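What you see is a predicted model; the values in this text were computed from it and never measured. Reminder, nothing fancy here: chain letters follow the sequence lines and each chain counts from 1.
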Amino acid sequence: MEAVLFYILSIILIASVAGLITRRNPLYSALWLAVFLLGAGLWFALLGSPILTALLIFVVTPIVLAFNIVSIFVAGGHKPETNREIDLQKIAGLLLTSIVGFALFVGILRPPFEEGPITGPSYRSLETIISIFSGSYMTLTILVGAILIVGLFGALTIVKKSTEVR
Amino acid sequence: MIITLQHHLILCVILFVMGIVGVVARSNTFVGFMSAIVMIMSGVVMFVAFGRWSLLPEGQVIAVSVVVIIISIVIFACGLFVAGRKS
């Protein structure tokens with residue numbers, strides 16, 4: 001079962017990246033990127049990491065998709081398509097969404113992996129990950145926080161400057 | 001058939017190479033940016049796969065950190081695109 005899921009997932013991932021790099025319209029590339037991110041979320045589920053699956057499917061994919069589409073529209077990078085192309089894209093989107101939804105359903109229902117350490121908390125539990133973040137990986141956590149703060153101030157400065165120009 | 005670490009690594013490498021092709025071959029900035037995200041994500045999956053096979057949680061810890069950085073990069077880059085276009 002795991003092998004079948006892995007091969008289906010491989011086909012989805014490779015097809016989505018192929019779609020991303022071959023589409024002329026960046027708007028459709030963004031949609032293919034969303035399919036890739038959903039597939040990557042399922043891949044994490046297959047690797048026994050439900051936290052990353054949830055993070056990728058419910059947080060990263062909507063954020064990346066929304067920001068990419070908004071910036072493509074605002075920057076004027078999209079081109080109008082013919083009705084036939086739009087219909088084909090709708091069918092492909094529905095098909096891919098059904099496959100991803102089915103795989104997600106199967107991933108939730110399948111039995112969990114065997115646990116690694118016999119004693120102590122599981123290597124993939126949220127408790128273990130948080131204890132590592134606040135323990136031996138404290139420096140990494142601070143570094144990530146610092147990068148986020150620098151990014152926040154950078155974004156604010158850019159927005160402020162672009163507002164002043166206008 | 002049993003899926004091993006090598007299967008995951010091969011898929012990671014395929015996706016990483018496809019991301020490189022997208023960055024190099026496409027002149028569109030948005031597509032190049034999205035291909036770079038694909039490259040980063042395939043690297044993240046590699047960390048998780050190594051962690052899964054060595055039964056260590058460090059792979060997931062690094063993956064969560066990198067995913068958070070990806071979100072900030074996306075927001076920052078999109079702001080940059082929009083600000084560049086408006087000015």
Got a list of side-chain donor-acceptor pairs under 3.5 Å for residues 11-24 of chain B, not counting sequence neighbours?
none

- Task: Under the side-chain contact (heavy atoms from CB on, under 4.5 Å) rule, what do B:Trp53 and A:Leu47 come out as? Steps first, then yes or no, please.
- Result: CA-CA 9 Å; B:Trp53 257 265; A:Leu47 283 166; 3.7 Å; yes
- For the residue pair B:Val44 and A:Phe44, establish whether any side-chain heavy-atom pair is separated by less than 4.5 Å.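 Of all side-chain heavy-atom pairs linking A:Phe44 with B:Val44, at least one is under 4.5 Å.
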- Message: At a heavy-atom distance under 4.5 Å, which candidate from A:Ile147, A:Leu13, A:Val4 has the highest pair count against chain B?
- Response: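 Between A:Ile147, A:Leu13, A:Val4, the count favours A:Leu13.
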Counting only heavy atoms closer than 4.5 Å, note whether [X] contacts chain B via side chain, backbone, both or neither.
X: A:Ile14; value: both
X: A:Leu143; value: neither
X: A:Leu55; value: side chain
X: A:Phe6; value: side chain
X: A:Ser16; value: neither

Following the transitive rule for hydrophobic clusters with a side-chain heavy-atom cut-off under 4.5 Å over Ile, Leu, Val, Met, Phe, Trp and Tyr, establish whether [X] and [Y] coincide in one cluster.
X: A:Leu9; Y: B:Ile10; value: yes
X: A:Leu33; Y: A:Val59; value: yes
X: A:Tyr7; Y: A:Val17; value: yes
X: A:Ile149; Y: B:Ile70; value: no
X: B:Met39; Y: B:Leu9; value: no

Could you report the tightest heavy-atom contact between [X] and [Y], atom names first, then the distance?
X: B:Met34; Y: A:Ala30; result: SD-CA, 3.4 Å
X: A:Leu37; Y: B:Met41; result: CD2-CG, 3.9 Å
X: B:Arg26; Y: A:Leu20; result: NH1-O, 4.3 Å
X: B:Ile3; Y: A:Ala3; result: CG1-CA, 3.6 Å

- Task: Could you tell me the separation between the OG atom of B:Ser72 and the CD1 atom of A:Ile63, rounded to the nearest 0.5 Å?
- Result: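 Going from OG on B:Ser72 over to CD1 on A:Ile63, the span is 10.0 Å.
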- Query: Which one of B:Thr29, B:Val61, B:Val31, B:Val74 has the most heavy-atom pairs closer than 4.5 Å to chain A?
  - Reply: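 The residue among B:Thr29, B:Val61, B:Val31, B:Val74 with the greatest pair count is B:Val61.
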- Query: Highest number of heavy-atom pairs under 4.5 Å with chain A: which of B:Ile71, B:Val38, B:Val67?
  - Reply: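 If we count pairs closer than 4.5 Å to chain A, B:Val38 comes out on top.
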- Task: Report the residues that fulfil side-chain contact (heavy atoms from CB on, under 4.5 Å) with B:Thr4, sequence neighbours left out, ordered by chain and then residue number.
- Result: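 B:Thr4: side-chain contact (heavy atoms from CB on, under 4.5 Å) contacts with B:Gln6, B:His7.
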